[in-house]
There are 2 protein chains.
Amino acid sequence: MGNSKLYRGSLHTIILKLLEEHGKMYGYEITQKVKEITKGELNITEGALYPALHKLEAEELLDVEIAKVENRLRKYYKLTEKGSIETESKLKELEEYIRNMHTLVNAKWSI
Amino acid sequence: MGNSKLYRGSLHTIILKLLEEHGKMYGYEITQKVKEITKGELNITEGALYPALHKLEAEELLDVEIAKVENRLRKYYKLTEKGSIETESKLKELEEYIRNMHTLVNAKWSI
DNA sequence: ACTTATGCATAAGAAGATTATGTATTATAT
DNA sequence: ATATAATACATAATCTTCTTATGCATAAGT
């Protein structure tokens, strides 16, 4: 992923949340959406993304549906019910992480 | 470190910032301080901490000073000038990471 | 024609953690 | 008195997650 090591560990959270918001997405679309939202600051590499999607699918957090669009293969992913629950859990974890880090570094800024 | 995988990648930032604030600290003290600040939510393991301190020292971001207190060994670490600069850089990275994640997950909460 | 964009995938290696283990002294609880 | 917890360091084996490199294939732009 990105440049900063801080992103390590947050890819699953990002994927789950994007799928929660957009219903269904395919891998390449996720990379583009992330690039767009972060204005190019975070680029998810394929070597990180695809294994992550496969893992989430294996954990039954995602369902996959194959489609052929303009003679090109797409694998659309969407949250399972289990995946929706996990998403909420991951978001709470993220919030706690951010609050803790904010306190730890005694940050002056807020979001 | 802690329970959440999100902390992966943030240990160096935590160490550097704590040293910036407290002048000098020894390893065990860092683990206790982090536990205290996060009310037990983040526990830095020794297997993560000591290699991290050694690495930061090898990168000349930290200076070390050995002391014997009550017949027990302590290794006090403090920031070098290079370490102070790196600390500011790491804090900016953290801020950017948090802003990006906040946007990505379309979070309703703020800090 | 060549490069970029779209779209998937995997394998080798690095990095940063966990878990387990080791040493040693001091304080506390039973 | 004696076992356990706390203090204080360290490292080795293993795991996870990422980067980097590579591979295949089609479509679009230059």
Side-chain angles (χ1 to χ4, degrees), chain A residues 1-16 24-36 40-59 61-62 64-77 90 93-94 97 101, chain B residues 1-16 24-36 40-59 61-62 64-77 90 93-94 97 101:
Chain A
M1 303 169 62
N3 339 291
S4 171
K5 287 167 191 169
L6 293 170
Y7 290 99
R8 280 174 184 262
S10 34
L11 181 54
H12 284 203
T13 305
I14 293 170
I15 293 171
L16 292 171
K24 64 175 187 176
M25 298 179 85
Y26 55 100
Y28 185 75
E29 189 185 8
I30 292 174
T31 67
Q32 299 309 301
K33 182 60 80 180
V34 167
K35 198 186 290 185
E36 179 200 321
E41 281 186 49
L42 176 56
N43 289 292
I44 296 179
T45 58
E46 297 163 297
L49 178 70
Y50 293 113
L53 287 171
H54 300 159
K55 188 170 187 192
L56 291 170
E57 191 194 344
E59 289 168 356
L61 302 177
L62 302 185
V64 67
E65 181 198 322
I66 295 172
K68 201 154 192 177
V69 179
E70 285 162 22
N71 208 31
R72 273 205 216 88
L73 188 76
R74 281 185 189 172
K75 289 178 79 173
Y76 279 98
Y77 291 91
K90 288 277 190 203
E93 254 182 46
L94 177 63
Y97 165 80
M101 286 301 290
Chain B
M1 304 168 62
N3 339 291
S4 172
K5 287 167 189 168
L6 294 169
Y7 291 98
R8 283 164 188 260
S10 34
L11 181 54
H12 284 204
T13 304
I14 293 170
I15 292 172
L16 291 171
K24 63 176 189 177
M25 298 180 84
Y26 55 100
Y28 186 74
E29 189 184 7
I30 292 174
T31 66
Q32 299 309 301
K33 182 60 79 180
V34 167
K35 198 185 291 185
E36 178 200 321
E41 281 186 48
L42 176 56
N43 289 292
I44 295 179
T45 58
E46 296 162 297
L49 177 70
Y50 292 113
L53 287 171
H54 299 160
K55 188 170 187 192
L56 290 170
E57 192 195 343
E59 288 168 354
L61 302 177
L62 302 185
V64 66
E65 182 197 320
I66 295 171
K68 201 153 192 178
V69 179
E70 286 162 22
N71 208 32
R72 274 205 215 88
L73 186 77
R74 280 184 190 174
K75 290 178 78 173
Y76 279 98
Y77 291 91
K90 288 278 191 202
E93 255 182 45
L94 177 64
Y97 165 79
M101 287 302 291

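Excluded from the calculations below are hydrogen atoms, water molecules and symmetry mates; all remaining heavy atoms, backbone and side chain alike, are included.
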Between the protein and nucleotides 22-29 of chain D, list every N/O to N/O distance that falls short of 3.5 Å.
unit_1: dT26(D); atom_1: O3'; unit_2: N71(A); atom_2: ND2; d: 3.3
unit_1: dT26(D); atom_1: O2; unit_2: R72(A); atom_2: NE; d: 3.3
unit_1: dA27(D); atom_1: OP1; unit_2: N71(A); atom_2: ND2; d: 3.2
unit_1: dA27(D); atom_1: O4'; unit_2: R72(A); atom_2: NH2; d: 2.8

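When the side-chain nitrogen and oxygen atoms of K5(A) are compared with OP1 and OP2 of dC18(D), none of them lie within a distance under 4.0 Å. Close to dA10(D), at under 4.0 Å from its OP1 or OP2, lies a side-chain N or O of K75(B). Phosphate proximity of dA8(D) to R74(B): present, with a side-chain N or O under 4.0 Å from OP1 or OP2. Considering only side-chain N and O atoms, Y26(B) lies under 4.0 angstrom from the phosphate OP1 or OP2 of dA8(D).
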side-chain contact (heavy atoms from CB on, under 4.5 Å), that's the test. Do K75(A) and E65(A) meet it? Break it down for me. CA-CA 6 Å; K75(A) 289 178 79 173; E65(A) 181 198 322; over 6 Å; no

Verify side-chain contact (heavy atoms from CB on, under 4.5 Å) between T45(A) and T31(A), making sure each step is shown before the conclusion. CA-CA 8 Å; T45(A) 58; T31(A) 67; over 6 Å; no

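Among the heavy atoms of the strands lying under 4.0 Å from G27(B) are primed sugar atoms or P, OP1, OP2 only; no base atom is included. Within 4.0 Å of K55(B), counting heavy atoms only, lie sugar-phosphate atoms of the nucleic acid but no base atom.
Ring-centre distance between Y7(A) and Y97(B): below the 6.0 Å cut-off.
For A48(B) and R8(A), each mapped to the nucleotide of DNA chain D holding its nearest heavy atom, the one lying further toward the 5' end belongs to A48(B).
For the atom pair CD (E36(A)) and CD (E29(A)), the distance works out to 10.0 Å, reported to the nearest 0.5 Å.
Between Y50(B) atom OH and dA17(C) atom P there is a gap of 15 Å when expressed in whole angstrom units. What separates CG of L42(B) from P of dA17(C) is a distance of 11 Å, to the nearest Å.
Of all heavy-atom pairs between A48(B) and L11(B), the closest is O-CD2, 3.6 Å.
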